[in-house]
Amino acid sequence: MSVLSLNKIRKNYGISEVLKEFSLFVNEGERVGLIGPNGCGKTTVFKIIAGMEPFEEGSVYIKRGTEVGYLSQMPDFNQGFTLLDELKTIYQELIDIEERLRQLEKKISEASVTGEQASLERLMEEYSDLQHQFEIRGGYQYESKIRQMAYGMGFSEEELQNRVVDNLSGGEKTRLGLVKLLLTEPDLLLLDEPTNHLDLPSIQWLEEYLKNYTGTLIIISHDRYFLDQVVTRIVEIKNGRDEIYHGNYSYYLEERVRRYEQLRHAYENQQKKIKQMEEAIKRLYQWGHQSNNEKFFKRAKSMQKSLDRMERLERPVLDGKQMQLEFEVKERSGREVLRIEKLRKGFGGRQVLNDLDMDIHWQDKVALIGRNGTGKTTLLKIILDELEADQGSLWIGANVKIGYYSQEFEGFNPDDDLVTALRRESRMTEEEARNALAAFLFTDDEVFKKVGSLSGGEKSRLRLLQLMNGDYNFLILDEPTNHLDLPSREVLEEALKVYPGTVLMVSHDRYFLNKVVDYIYELEEGKLIKYYGNYDYYRFKKEELLQEIEAEKKDDKEKGYQSDYHRLKEEARQERKRQNQIAALEKSIDEREREIKELEQAMIDPENLNNIELLNELKQDYEKLQEELNELYLQWEKMMTE
């Protein structure tokens, strides 16, 4: 049954038409992902559904009695309330009933002492009715429900009890607002970028919660992994209209290419037919003039009418304009880029980093992950020499040139225009700067906008352009995808995958981590744990480790003795050693495969075909590399099956 219907909505902002006959039909219980580039009208659609935004044409239908829940970007809280008090306001009616029950208990006790039987019976009857209401409305579970939701979203018991809403950051307020919204359990839930400001455990918790949500969901998100896990249908806003894909985000990626190829083929066939008809019309007119035969003119006019009536197909476009991002390295660093040993850092008696070790080498693509507040930003600031460690050593390799992307963009001068901001990072003329900005979708007078007036997405593009044109070979990126739309994230992914330098990134974007990184460092309880693979590998190993721990706990309980700590520690050491060996083998395999491809290209190069001596040498080298590659694969297979 339909719960929501938007039919041919048209919405303008001034002379700009954002939505053009946009339609959206959602059935009860559906989980829909609403996607599209920044500025395409996604949030406008939500505001129209929530009744917060008017529109010029079209109609909106919401099933009678449907409660719509929409999280405002700036939630309104009660000043001076603790987090727990604020969350309890959702259950004010239950709290009032609970207070009335306490009052009745006192009166019943007093009536029992005085022996007022009639009054006692009346009080007991009221108490019984209220207690029944309290029970069926979840009065005995609401506090545990609050805590379950708040813990899942990353708030601790200490924060719930003692932190005041006035002192929360913008991101924390959004997170608390999301907890309040989820606790209300609306029939139709509108979530606009719900994973922003969440750490990985909280995102995973939210995913599981929404998968089992009994209501209807519409989600705006740039988190592709999240969309894959939660939604069952994608609606893309493209040129103000809706395009529907019956599947998750991965399905959308494949299907959009298939549709594009289909439309391109139809467009090219029509263009070919149009050209043939135009040429035929031209020939008929020529023959008519040459032979002075009216029949040729009539046929030409008839064919022209058919051509004029033809419904012309638009040239299909797979992607709109995208920034042209390509990182280069002018001068490489030494093999060892960063080495940290036994590093310690604390604040006010709280140890944040404890005997921490880290190694990063040339061309490594490394992710640093961990819960919010574990010290990731602290570690980055120590590496950047903005903070001093309490103990331990940190060594930056030879000729390492660091380019830093801060999620808060602290390095910008808000009074700079875009041309000036770009030229601060690289030597280029004003014309070169304008051309570079145009390639990043800053055109015409936009290049003279002040940096302080830019949106988050625009600042992100500007900073990436600065890094692209700067003299860097080690990029440190703190949440680089936070302000980017889906097309821009994909452009950044491709650029980093082929980047010839070294990358260390902090990111909660799991799709991004899967595409880019070679290995992951997880910061947990002040120490770093290394996982030799992308995010999916990390999650697999993490779950495997948790299962082992649970199995050990169960075994301890059954057998009544402590787990063999030293055995597990030795097994973990052996596993780390094995993973190091696997990583080294995989690197060697990649090198051999690259060398083989280069030899294959050389062997078919036309300039080399007549040089028999050179071809023989290339063939011998090729066969030798193939033997080495086969041996490496045998070693790798053996290591993987041990």
Side-chain angles (χ1 to χ4, degrees), residues 1-28 30-64 66-74 186-193 216-222 227 231-246 249 252 255-256 259-260 262-263 266-267 309-322 441 443-444 446 455-458 485-488:
M1 184 181 292
S2 176
V3 68
L4 170 70
S5 169
L6 273 68
N7 190 30
K8 295 185 177 181
I9 298 293
R10 187 170 65 82
K11 172 66 182 176
N12 298 335
Y13 286 108
I15 61 171
S16 176
E17 191 173 30
V18 178
L19 299 176
K20 309 171 187 177
E21 296 190 338
F22 176 84
S23 297
L24 176 65
F25 305 98
V26 183
N27 292 323
E28 285 185 6
E30 267 202 291
R31 297 194 294 272
V32 179
L34 186 62
I35 67 170
N38 288 342
C40 72
K42 300 186 297 294
T43 300
T44 299
V45 169
F46 270 17
K47 288 183 176 179
I48 288 172
I49 295 170
M52 300 164 60
E53 194 78 54
F55 49 94
E56 279 68 43
E57 290 181 11
S59 61
V60 175
Y61 161 79
I62 299 175
K63 182 185 173 185
R64 186 187 298 274
T66 298
E67 184 184 354
V68 179
Y70 175 47
L71 176 62
S72 167
Q73 295 299 315
M74 292 299 292
D187 305 304
L188 174 58
L189 184 56
L190 309 177
L191 296 178
D192 192 346
E193 296 293 351
T216 306
L217 298 174
I218 309 177
I219 300 170
I220 296 171
S221 181
H222 291 145
L227 290 173
V231 308
T232 54
R233 180 157 64 98
I234 294 286
V235 176
E236 181 181 21
I237 302 180
K238 196 168 185 179
N239 299 321
R241 296 182 173 87
D242 55 285
E243 289 197 10
I244 299 169
Y245 297 83
H246 294 281
Y249 184 78
Y252 154 79
E255 176 64 11
R256 69 194 284 265
R259 291 186 191 181
Y260 167 76
Q262 193 177 49
L263 291 171
Y267 172 80
R309 286 195 301 267
M310 183 183 292
E311 187 175 342
R312 302 289 180 105
L313 299 175
E314 292 183 8
R315 181 191 294 273
V317 177
L318 183 61
D319 295 303
K321 288 185 177 180
Q322 295 182 347
L441 312 183
T443 56
D444 302 327
E446 285 184 325
S455 68
E458 289 171 328
D485 57 21
L486 290 176
S488 298

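Counting from 1, the numbers follow the sequence of the chain as shown.
- When all heavy atoms are compared, the tightest approach of Asn239 to Lys20 is O-CD, 3.5 Å.
- The shortest heavy-atom contact between Pro186 and Gly69 is CB-N, 3.6 Å.
- You'll find the side chain of Val68 stays beyond 4.5 Å of the side chain of Leu4, heavy atoms only.
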Subject >> Residue pair Glu243, Arg256: steps toward the side-chain contact (heavy atoms from CB on, under 4.5 Å) verdict >> reply: CA-CA 10 Å; Glu243 289 197 10; Arg256 69 194 284 265; over 6 Å; no

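- Looking at Ile219 and Arg31, their side chains never come closer than 4.5 Å, going by heavy atoms from C-beta outward.
- With a 6.0 Å radius and a threshold of 12 heavy atoms from other residues, nucleotides or ligands, Glu56 has its CD atom above the threshold.
- The line from OH of Tyr267 to OH of Tyr260 is 10.5 Å long, rounded to the nearest 0.5 Å.
- Looking only at side-chain heavy atoms (C-beta outward), Asp192 and Lys42 stay at 4.5 Å or farther from each other.
- With a 6.0 Å cutoff to the six-membered ring centre and a 45° limit on the axis angle, Lys11 counts as a cation-pi contact of Tyr13.
- You'll find the side chain of Tyr252 stays beyond 4.5 Å of the side chain of Leu227, heavy atoms only.
- Taking every heavy atom of both residues into account, Val26 and Arg233 meet most closely at CA-NH2, 3.9 Å.
- Listed for the Asn7 side chain is no donor-acceptor partner under 3.5 Å among the backbone atoms of Gly58.
- Side-chain atoms of Ile218 and Ile49, non-hydrogen and from C-beta on, do get closer than 4.5 Å to each other.
- Donor-acceptor pairing under 3.5 Å is lacking for the side chains of Thr66 and Asp187.
- Here the straight-line distance linking atom CD of Glu67 with atom CD1 of Ile62 works out to 12.0 Å at 0.5 Å rounding.
- Contact annotation: the side chain of Ile48 approaches that of Leu19 to within less than 4.5 Å [non-hydrogen atoms, C-beta and beyond].
- To the nearest 0.5 Å, atoms CG (Leu313) and CG (Leu263) are separated by 8.0 Å.
- Within a 6.0 Å sphere centred on NZ of Lys47, heavy atoms belonging to other residues, nucleotides or ligands number 12 at most.
- Side-chain contact check for Leu6 versus Ser23: every heavy-atom pair is 4.5 Å or farther apart.
- Note: Met52 CE to Thr44 OG1 = 11.0 Å, rounded to the nearest 0.5 Å.
- Rounding to the nearest 0.5 Å gives a distance of 12.0 Å between CG of Leu191 and CG of Leu34.
- For the pair Glu57 (side chain) and Lys8 (backbone), a donor-acceptor distance under 3.5 Å is absent.
- For the pair Tyr61 and Ser2, the tightest heavy-atom approach, listed with the atom from each and the gap, is CE2-O, 4.2 Å.
- Residues Asp242 and Leu24 fail the side-chain proximity criterion, which asks for heavy atoms closer than 4.5 Å.
- Asp485 contributes a side-chain N or O that, together with a main-chain N or O of Asn38, makes up a donor-acceptor pair within less than 3.5 Å.
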